[in-house]
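Okay, structure first, notes after.
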Amino acid sequence: MYQKPKGTRDLLGRELQRLEALNAAARAFFGQNGYEEIRTPTFEFAALFDRSIGETTDIVEHEIYKFEVNKKLYALRPEGTASVLRAFIENKLRLPVRFLYLWSMYRRERPQKGRYREFLQIGIELLGESKPFYDADIIERGKQYLQSVGARDFTIELNSIGCPECREAYRRTLEDYLQPNLSRLCDDCRRRFERNFLRIFDCKKESCQRLYDDAPKITDKLCGECAQHYVDVKKYLRYFGVDYVENKKMVRGLDYYTRTVFEFKHGELGAQDTIIAGGRYDLLMRELGGPDTPCIGWALGPERLLLTMPEELPSVKARRAFFLIGVGERYLPTMISLRTQIHNNGHRCFLGDPGEPIKHQMKKADRFKADHVVICGEDEEKEGIYTVKEMSTGRQSKIPVAEFESFLIHA
RNA sequence: GUGGGUAUAGCUCAACCGGCAGAGCAUUGGACUGUGGCUCCAAAUGUUGCGGGUUCAAGUCCCGUUACCCACCCCA
């Protein structure tokens, strides 16, 4: 027997419906807000991701699916931002522009709750806007989107990680603070400090965290411009009515972020509690060979979001379902035209096999979760009616053929 | 990549110290030949994840392996 690769899933039934409901809501909502949907190739030249995500990140080092064909090294995309910027540059588009993407991403991680090797991201990117107003704007739009699909109980965490100059100054300050305590850090943190020093704050060990609680924070060491930017972002968030908590220890896993970073978290999700994560990346476009262009964006994990939501999404509307029963094959033409009429009114409709006993067809109707059964037989033909049975109550009524259309409209 | 847990009928799970492979739900048929669900009666269902080992005897013990779950790492 064949099995799917580890960390992948077959999407069908309820689960697929739920995901598609989030996609449909995102297309509608962000479309209204001027975000244009974009699709790029699922694979790119591997160098694109090395350059953008950061060569010392774990993603690039051992989580990317890479393959070589004809001496060219390709990679399945592990995230969306790099591809969007590459497409922007390559297609010589004009600024400013807003993009929406709904893509599968690929990372060779060990799967666990809310984490897969092929997973979805709904992301937005706003290219060409540098002002703090826009940082607040896309955070607020994220909040509004979550609320529109019925998500509750998430908190927004905010931080600024400054520009490379701020970070270099801060690194020295932090080093001075940690130097005397180096022996109390865990092995992971010592390694992190060498490779990507901000990431020490992600450590889950309490002994390390106690040390970091009293450590100087990057927000205290921002340069003048970055500090002002951060102050203004918070000002606009208040104008927008967005509640947030400052998390001075929040940093990002990707190297390209500058200044504003944020996460939307949900408390009851276990270790993978981040539903939306994003931030500003003002230097990446230039890094990838494009024009100097400030950008900001975020990505949402639909699988994780769904873990926080009820089985029946409020946004999934159940359409009426009809099942047609024929008593004898000679009623098939009637049934077929009836089906067209029902479909034209926007309802679902299935045909029973009119050669089968009524009992069998009735049972099928139940299986299909039909709301209404319409019976076409000798009695109906004589009286010029259809017998309509409402399945939830068992009540039956005779509806004259001429009045059936208006019945459908009100069903 | 590291650690812990799990794997038995379509599904959820039992099976004592190693001793005939079980139940509920679902399925199928009947009670009910123009009416589903509800009720009652009956039937069918297994490579105990896979491969090896120990034993008179393995679902049970041992080794390996695969998948899933949870956590670390990392991240949406």
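Lettering of chains follows the sequences in order, A, B, ..., and the numbering in each one begins at 1. Atom set for the values below is all heavy atoms of this structure, side chains included, hydrogens, waters and symmetry mates excluded.
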Is the ring centre of A:Phe30 less than 6.0 Å from the ring centre of A:Tyr145?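 Yes, the ring of A:Phe30 comes within the 6.0 Å limit of the ring of A:Tyr145, centre to centre.
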Heavy atoms under 4.0 Å, any strand shown: does [X] hit a base, just sugar-phosphate, or nothing?
X: A:Arg252; answer: sugar-phosphate
X: A:Gly123; answer: nothing
X: A:Ala365; answer: nothing
X: A:Gly278; answer: nothing
X: A:Gly7; answer: sugar-phosphate
X: A:Arg117; answer: nothing
X: A:Arg367; answer: sugar-phosphate

For the residue pair A:Glu246 / A:Tyr230, report whether a side-chain donor-acceptor contact shorter than 3.5 Å exists. yes
Check your understanding: Just checking, is any N or O donor in the side chain of A:Ser406 or A:Glu403 under 3.5 Å from an acceptor N or O on the other one?
Key ->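 Distance-only check fails for A:Ser406 and A:Glu403.
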Expressed as a whole number of angstroms, how long is the span from [X]:[atom1] to [N]:[atom2]?
X: A:Tyr116; N: B:C74; atom1: OH; atom2: C1'; result: 17 Å
X: A:Gln361; N: B:G36; atom1: CD; atom2: P; result: 12 Å
X: A:Ile156; N: B:A76; atom1: CD1; atom2: P; result: 17 Å
X: A:Phe193; N: B:C73; atom1: CZ; atom2: P; result: 18 Å
X: A:Glu109; N: B:G3; atom1: CD; atom2: P; result: 18 Å
X: A:Lys6; N: B:A7; atom1: NZ; atom2: C1'; result: 14 Å
X: A:Leu19; N: B:A76; atom1: CG; atom2: C1'; result: 13 Å
X: A:Asp273; N: B:C72; atom1: CG; atom2: C1'; result: 15 Å

Determine whether A:Gln209 and A:Lys204 satisfy the following criterion, side-chain hydrogen bond (donor to acceptor under 3.5 Å, both in side chains), listing intermediate values before the conclusion. CA-CA 7 Å; A:Gln209 283 300 334; A:Lys204 287 181 185 168; over 6 Å; no
With a 4.0 Å cut-off, would you call [X] and [Y] a salt bridge?
X: A:Lys249; Y: A:Asp213; value: yes
X: A:Glu68; Y: A:Lys72; value: no
X: A:Lys265; Y: A:Asp153; value: no
X: A:Glu15; Y: A:Arg18; value: yes
X: A:Glu383; Y: A:Lys398; value: yes

Is any side-chain nitrogen or oxygen of [X] closer than 4.0 Å to OP1 or OP2 of [N]?
X: A:Arg192; N: B:C73; value: yes
X: A:Lys204; N: B:C72; value: yes
X: A:Arg115; N: B:A71; value: no
X: A:Arg108; N: B:G1; value: yes

Stems for RNA chain B (at least 3 consecutive Watson-Crick or G-U pairs, under 3.5 Å) come to B:1-7 with B:66-72, B:10-13 with B:22-25, B:27-31 with B:39-43, B:49-53 with B:61-65
Notebook entry, point to check: How are the rings of A:Tyr74 and A:Phe67 set to each other: parallel, tilted or perpendicular (split at 30° and 60°)?
Noted result: parallel
**Item:** 5' priority, RNA chain B, between A:Thr8 and A:Glu79 [closest heavy atom]
**Value:**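 Comparing both residues, the 5'-ward one is A:Thr8.
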What distance, rounded to whole Å, do you find between the two [atom1] atoms, one in [N] and one in [M]?
N: B:G10; M: B:U2; atom1: C1'; value: 36 Å
N: B:G51; M: B:U12; atom1: P; value: 23 Å
N: B:C62; M: B:G18; atom1: P; value: 11 Å
N: B:A9; M: B:G22; atom1: C1'; value: 10 Å
N: B:A76; M: B:G4; atom1: P; value: 29 Å
N: B:C70; M: B:U65; atom1: P; value: 23 Å
N: B:C61; M: B:C17; atom1: C1'; value: 12 Å
N: B:G49; M: B:G30; atom1: P; value: 36 Å

Sort me out a list of protein N/O and nucleotides 29-35 of chain B N/O pairs below 3.5 Å, or just none if empty.
unit_1 : atom_1 : unit_2   : atom_2 : d
B:C32  : O2     : A:Lys359 : NZ     : 3.1
B:G34  : O6     : A:Glu378 : N      : 3.3
B:G34  : O6     : A:Asp379 : N      : 2.7
B:G34  : O6     : A:Asp379 : OD1    : 3.1
B:G34  : O6     : A:Asp379 : OD2    : 3.1
B:G34  : N1     : A:Glu380 : OE1    : 2.8
B:G34  : N1     : A:Glu380 : OE2    : 3.3
B:G34  : N2     : A:Glu380 : OE2    : 2.6
B:U35  : O2     : A:Lys389 : NZ     : 2.9
B:U35  : O2     : A:Gln396 : OE1    : 3.1
B:U35  : N3     : A:Gln396 : OE1    : 2.4
B:U35  : O4     : A:Gln396 : OE1    : 3.4
B:U35  : O4     : A:Gln396 : NE2    : 3.1

Can you give each donor-acceptor pair under 3.5 Å made by side-chain atoms of residues 113-123 of chain A, sequence neighbours left out, with the distance rounded to 0.1 Å?
unit_1   : atom_1 : unit_2   : atom_2 : d
A:Arg115 : NE     : A:Arg110 : O      : 3.3
A:Arg115 : NH2    : A:Arg110 : O      : 2.8
A:Arg115 : NH2    : A:Gln112 : OE1    : 3.3
A:Arg117 : NE     : A:Glu109 : O      : 2.6
A:Arg117 : NH2    : A:Glu109 : O      : 3.3
A:Glu118 : OE2    : A:Tyr106 : OH     : 2.8

Under 3.5 Å, is there a donor-acceptor pair between the side chain of A:Arg339 and the main chain of A:Cys349?
-> no
Heavy atoms from C-beta onward define the side chain here; which of [options] lies closest to that of [X]?
X: A:Gln3; options: B:U66, B:G3, B:A76; result: B:U66
X: A:Met391; options: B:A76, B:G36, B:G1; result: B:G36
X: A:Gln112; options: B:A76, B:U28, B:C73; result: B:C73

